[in-house]
Amino acid sequence: MSVFEERGVFWWHDEAVAEGLLAPDAHVAGLLRVEENGRAVLELDGYLPNPHDPMAPMSREPVTRCIQGLLKGSGERVLLCDLNRNGGRFSTNGISYEKFSAAHCLIGRSVFITGTAAPLFATLTIPLTGFEDWLRLGVIEVEDTPDTITLKYKARDDISYPDGDGTLTLIFDIEVDAAGMLGTHAYSLKQVVYARLNLNTPNTLNDLALQFRMFEDLLKLLTGSDYELGWPFMDLPDGSRCRWYFQRMKSKEPVEAPSHYNTVTAFPELRNAFGAIWSRWKAMRDEFGPGFYLYLGLRRGMAMYIEHRFVNLIWGLEAFHRKKGGSSDSIAAKVSRILDKIDIAKDKRWLAKRLEHAHEPSLEQRLFEMFKALPLGLDEEKLRIFCHACAKLRNDISHFGGERHDASYSEFLNDANTKSDALSVLYHALLLHEVGIDGWILKRWAFDSFLSGPIKSHFVQAGLLDKSMLRAEEQPNAQAADAHASGEAESPNDPASPK
């Protein structure tokens with residue numbers, strides 16, 4: 001299924017267009033289609049000028065140029081970058097044509113400046129459609145009387161968060177849609193919010209795609225929802241915008257937008273710290289690497305076997321702990337003292353090799369240290385037993401191909417799935433804690449929110465909580481839930497928290 005499809009004429013990006021003409025002489029008609037995952041496919045009715053002439057579809061040379069285009073129906077301009085040949089046909093008694101796929105497709109009203117390389121951009125605008133409830137908009141007031149209907153909209157100021165890379169600005173606006181030629185017979189107002197990234201230096205499209213994905217991942221983490229952002233806009237030098245489609249991993253299943261009651265956080269309680277959270281989130285990518293992405297990879301809407309999910313979580317947590325710094329200096333010093341007492345050089349080298357990783361904590365200890373630091377108040381004895389069981393299961397998979405004992409494969413899978421559900425929540429909380437989310441928010445999310453029921457159930461099944469936690473209170477505390485829904489929750493120990 002396509003998100004865009006239209007015919008037009010196309011030419012190489014570095015071909016000059018004579019004054020008064022819409023396209024150079026060496027243009028070719030074709031059909032442009034953008035797939036759901038953002039990949040653009042261009043099927044020409046002929047072939048563009050090239051050293052191979054009609055045999056171009058058979059060429060294996062990489063395409064280093066971009067393609068411009070002018071669409072027939074809308075009159076919009078197109079720029080296709082990061083091209084690959086995508087088939088075509090060479091025929092001696094028919095029409096020879098070529099096809100391209102593009103990782104980036106820009107569509108807008110303005111003429112793209114002719115050049116030999118893909119342009120650089122410094123401003124990216126992302127519509128936050130679907131996140132209105134998380135942002136707690138709702139400033140349109142409606143007064144309905146028997147005789148009149150009155151609408152009031154109170155404008156909100158934009159919010160800017162500068163950092164070392166540039167400035168992230170949340171732009172609050174309203175869209176107006178009116179219909180009627182002789183008089184308005186239909187009128188609608190809709191609040192909209194855009195996240196605009198103004199970077200200090202122009203970036204390539206690939207670099208901007210990374211910025212987009214990081215911002216989307218942060219929203220997934222903060223909301224707890226896998227809802228995906230819509231297609232962004234690129235701001236051009238003349239002040240106009242163009243739509244930007246780029247190849248990205250999208251969920252095949254529809255995902256509901258986050259509502260006001262089923263999110264981990266709400267924007268009003270993060271408003272003052274959101275800039276610091278965004279800066280910290282970007283820094284975590286370089287700081288933690290696999291410990292950052294092995295969790296995010298599970299949030300991409302991809303089907304995964306139970307064993308794969310479990311080991312992915314364990315790998316990510318182990319990588320996170322290693323980057324965080326968790327080796328034991330006391331054991332390292334002990335190893336050094338032992339080696340110093342050995343006089344024979346050959347024996348010393350042999351033992352040093354055997355004890356090379358002796359100072360590193362076990363997987364069980366790594367998990368326990370990370371989860372113990374979370375402000376969730378979990379019982380340490382239950383937590384240690386859980387970490388021991390997770391480490392044992394990982395070792396069984398890695399070194400014995402699965403369960404070492406007499407359990408059936410179904411029992412093994414059920415055990416792995418139970419542990420994965422609890423690990424996923426703890427991993428999520430770990431990243432939120434590292435990015436700067438207050439402990440009281442995490443505790444509310446896990447134990448006293450509309451989302452806490454499944455979380456507590458996962459913890460009970462994994463042995464982290466007593467079953468009495470499920471029987472004691474089926475519904476979250478009404479006062480806390482209402483405060484979260486309105487975005488007015490605050491920490492009882494932090495009077496300066498956002499209201």
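These values consider heavy atoms only, across backbone and side chains, with no hydrogens, waters or symmetry-generated copies. Sequence positions, counted from 1, serve as the residue numbers for this chain. The structure presented is a predicted model; accordingly, all values stated were derived computationally and were not measured.
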Going by atom types only, do [X] and [Y] share a side-chain donor-acceptor pair under 3.5 Å?
| X | Y | value |
| --- | --- | --- |
| E269 | T265 | no |
| D421 | S424 | no |
| Y293 | R285 | yes |

Pairing residues for [X] by the side-chain hydrogen bond (donor to acceptor under 3.5 Å, both in side chains) criterion, not counting sequence neighbours:
| X | value |
| --- | --- |
| E76 | S74, R243 |
| R280 | E287, E434 |
| N84 | none |
| D163 | S279, K282 |

Is there a side-chain contact between [X] and [Y] in this structure, where contact means two heavy atoms from C-beta onward sitting under 4.5 Å apart?
| X | Y | result |
| --- | --- | --- |
| K419 | F310 | yes |
| F233 | R196 | no |
| I437 | L431 | no |
| I171 | V193 | no |
| R299 | D226 | yes |
| R39 | V34 | no |
| P290 | F320 | no |
| V311 | I397 | yes |

Lys/Arg N to Asp/Glu carboxylate O, [X] vs [Y], below 4.0 Å:
| X | Y | result |
| --- | --- | --- |
| K250 | E36 | no |
| R384 | E380 | no |
| E35 | R33 | yes |
| K323 | D286 | no |

Tell me if the aromatic rings of F274 and W281 count as close, with their centers under 6.0 Å from one another.
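Centroid separation for F274 and W281: 6.0 Å or greater.
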Using ring pair (Phe, Tyr, Trp, His ring centres under 6.0 Å) as the criterion, list what pairs up with [X], not counting sequence neighbours.
| X | value |
| --- | --- |
| Y227 | F131 |
| W244 | H104, F246 |
| H428 | Y295, W445 |
| F121 | none |

Gap separating the CG atom of L313 from the NE2 atom of H308, nearest 0.5 angstrom:
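The CG atom of L313 sits 10.0 Å away from the NE2 atom of H308.
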Residue pairs fulfilling ring pair (Phe, Tyr, Trp, His ring centres under 6.0 Å) with at least one residue in residues 364-388, sequence neighbours excluded:
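Qualifying pairs: none.
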Closest approach of S160 and T169, non-hydrogen atoms and distance?
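Looking at all heavy atoms of both residues, the closest pair is OG-OG1, 3.3 Å.
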Mind checking side chain to side chain contact (heavy atoms under 4.5 Å, CB included) for N200 and listing every partner two or more places apart, or none if nothing turns up?
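Listed in chain order: nothing, the list is empty.
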Test side-chain hydrogen bond (donor to acceptor under 3.5 Å, both in side chains) applied to T125 and D235, step by step
CA-CA 7 Å; T125 302; D235 288 34; 3.1 Å; yes
Test: K220 cationic atom under 6.0 Å from W134 six-membered ring centre, within 45° of axis
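Output no; distance or angle outside limits.
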Geometric cation-pi criterion, R241 with Y194: 6.0 Å, 45°:
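Judged by the rule (NZ or CZ under 6.0 Å from the ring centre, within 45° of its axis), R241 counts as positioned above Y194.
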Side chains of residues 208-217: which donor-acceptor pairs under 3.5 Å do they make with residues two or more places apart or in other chains?
{"unit_1": "E216", "atom_1": "OE2", "unit_2": "L229", "atom_2": "N", "d": "2.9"}
{"unit_1": "E216", "atom_1": "OE2", "unit_2": "R248", "atom_2": "NH2", "d": "2.8"}
{"unit_1": "D217", "atom_1": "OD2", "unit_2": "R300", "atom_2": "NH2", "d": "3.2"}

Are more than 12 heavy atoms, taken from residues, nucleotides or ligands other than M249, located less than 6.0 Å from that residue's CE atom?
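At most 12 heavy atoms, drawn from other residues, nucleotides or ligands, come within 6.0 Å of this atom.
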Among all residues two or more places apart in sequence or in another chain, which pass the salt bridge (charged side-chain N to carboxylate O under 4.0 Å, His left out) test with D173?
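Testing D173 for salt bridge (charged side-chain N to carboxylate O under 4.0 Å, His left out), a comparison that skips the adjacent residues, returns none.
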